[in-house]
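Numbered from 1 within each chain, the chains take letters A, B, ... in sequence-line order.
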Protein chains: 2
Amino acid sequence: METWKEFEANELTHSAAHHLIAIHELGAEYGGWARVSDIAKDLGITRGSVSINLRALKKRGYVVTDEHRMVKLSAKGLEVANSVKSKKAGFKTFLIDVLGVSEAQAEIDSCKIEHLISEETSERLAQFMDEHKPAHH
Amino acid sequence: METWKEFEANELTHSAAHHLIAIHELGAEYGGWARVSDIAKDLGITRGSVSINLRALKKRGYVVTDEHRMVKLSAKGLEVANSVKSKKAGFKTFLIDVLGVSEAQAEIDSCKIEHLISEETSERLAQFMDEHKPAHH
DNA sequence: GTCAAATGTTTGGTATGTCAAACTATTTCC
DNA sequence: GGAAATAGTTTGACATACCAAACATTTGAC
């Protein structure tokens with residue numbers, strides 16, 4: 001009867017998920033390392049906000065920093081970043097290819113729910129997509 | 001590039017959506033009217049929280065109150081409550097019947113995303129479900 | 001090596017959404 | 001009709017997540 005509170009209990013908030021994704025993408029060419037101001041620029045928020053948000057993500061073990069204040073995902077952070085990205089990609093593909101939703105709306109919807117979908121659902125969706133792949137000769 | 005901020009721009013928060021749904025369901029037998037303390041009991045939060053949250057929902061035109069402090073959805077509030085409920089129901093059915101997700105997980109996932117799904121996606125999903133109804137004789 | 005620019009942090013502010021607890025108002029019971 | 005229980009509101013607290021602006025630190029240009 002209080003299923004609705006599961007939302008608050010979610011491992012990651014939408015904001016936290018996007019901080020991790022930003023680090024992952026910005027760090028891609030630099031061995032995983034990213035800078036606070038580049039994360040801020042990428043997310044369109046201030047350096048101050050990122051600084052504070054990273055403190056919490058660091059404390060919770062999702063990111064690590066080095067002596068030059070460079071930021072990197074921990075193993076746990078990398079795992080959840082990849083999980084969220086794959087959920088988003090899978091759901092977006094489903095929306096476009098199966099339901100026929102427009103690309104723009106599919107991007108928005110998949111971005112909104114990427115961090116909320118359970119492993120069970122994302123696995124079943126992947127299985128469904130696999131079974132309904134366009135036929136090949 | 002800042003699609004991720006659409007989340008914050010969503011018409012309803014998860015909490016707001018569930019306040020509206022609670023009013024809708026509690027009021028069902030009383031001409032739509034519900035009491036603060038029953039809403040609080042239903043949601044599992046304090047009367048104080050509900051009181052404050054309703055103030056905002058009233059200001060934004062989703063609920064109305066009478067001289068006895070009874071609470072009811074406005075036409076707009078009723079519309080969004082119904083929309084959210086139907087999105088949840090449609091998505092949950094899809095998860096269970098099409099993907100084979102467990103009932104418990106489908107309930108949680110659909111509850112988390114019910115207020116985030118666009119009209120376009122929910123319409124396409126409804127259409128998909130309609131086209132894939134179990135065959136009848 | 002100095003000075004300016006860029007970067008990172010901190011502080012004080014806002015908004016949401018929760019709590020506990022104090023307070024006020026209403027209803028119910030006898 | 002008075003006392004107790006119930007209902008509603010308000011206050012002060014906390015957590016998240018943003019901003020602007022002040023501040024500190026680091027980097028880079030010369």
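One hydrophobic cluster holds both B:W4 and A:L12 under the rule that ILVMFWY side chains link at heavy-atom gaps under 4.5 Å. Taken together through direct or relayed side-chain contacts under 4.5 Å among Ile, Leu, Val, Met, Phe, Trp and Tyr, B:W33 and B:V36 form parts of separate hydrophobic clusters. Note on B:L95 and B:L116: same hydrophobic cluster, where clusters join Ile, Leu, Val, Met, Phe, Trp and Tyr whose side-chain heavy atoms are under 4.5 Å apart, directly or indirectly.
Counting heavy atoms from C-beta on, the side chains of B:I39 and B:L54 come closer than 4.5 Å. With contacts defined as side-chain heavy-atom distances shorter than 4.5 Å, the pair A:H115/A:N10 qualifies.
Counting heavy atoms of neighbouring residues, nucleotides and ligands inside a 6.0 Å radius, atom CD of B:E11 exceeds 12 of them.
Computed from coordinates, the B:I39 CD1 to D:dA7 C1' distance equals 12 Å when rounded to whole Å. Rounded to whole Å, atom C1' of D:dA22 lies 11 Å from atom CZ of A:R47.
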- Determine, step by step, whether A:I117 and A:K88 satisfy the side-chain contact (heavy atoms from CB on, under 4.5 Å) criterion, reporting the C-alpha distance in whole Å, the side-chain angles of both residues, the deciding distance to 0.1 Å, and the verdict. CA-CA 9 Å; A:I117 302 173; A:K88 176 180 171 176; over 6 Å; no
- Message: The test is salt bridge (Lys or Arg N to Asp or Glu O under 4.0 Å); show your working for A:R69 and A:D66 and say whether it passes.
- Response: CA-CA 5 Å; A:R69 287 151 303 140; A:D66 69 6; over 6 Å; no
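Checking A:E114, A:E123, A:E119, A:E120 one by one against A:K87, the salt bridge (charged side-chain N to carboxylate O under 4.0 Å, His left out) holds for a single residue, A:E119.
Taking a heavy-atom distance under 4.0 Å as the criterion, the stretch of DNA chain C touched by chain A extends 5' to 3' from C:dT7 to C:dT18.
A:R35 has a carboxylate O that lies under 4.0 Å from a charged side-chain N of A:D38, or vice versa, which qualifies the two as a salt bridge.
Residue-to-nucleotide proximity on DNA chain D shows that, of B:K41 and B:R55, the 5′-proximal contact is made by B:K41.
The stretch residues 24-37 of chain A has no heavy atom under 4.0 angstrom from DNA chain D at all.
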Quick test: give all pairs of protein nitrogen or oxygen and nucleotides 12-19 of chain D nitrogen or oxygen below 3.5 Å, distance rounded to 0.1 Å.
from: D:dA17; atom 1: OP1; to: A:T13; atom 2: OG1; distance (Å): 2.3
from: D:dC18; atom 1: OP1; to: A:S15; atom 2: OG; distance (Å): 3.3
from: D:dC18; atom 1: OP2; to: A:S15; atom 2: OG; distance (Å): 3.0
from: D:dC18; atom 1: OP2; to: A:N53; atom 2: ND2; distance (Å): 2.7
from: D:dC19; atom 1: OP2; to: A:T46; atom 2: N; distance (Å): 2.9
from: D:dC19; atom 1: OP2; to: A:T46; atom 2: OG1; distance (Å): 3.2
from: D:dC19; atom 1: OP2; to: A:S49; atom 2: OG; distance (Å): 2.9

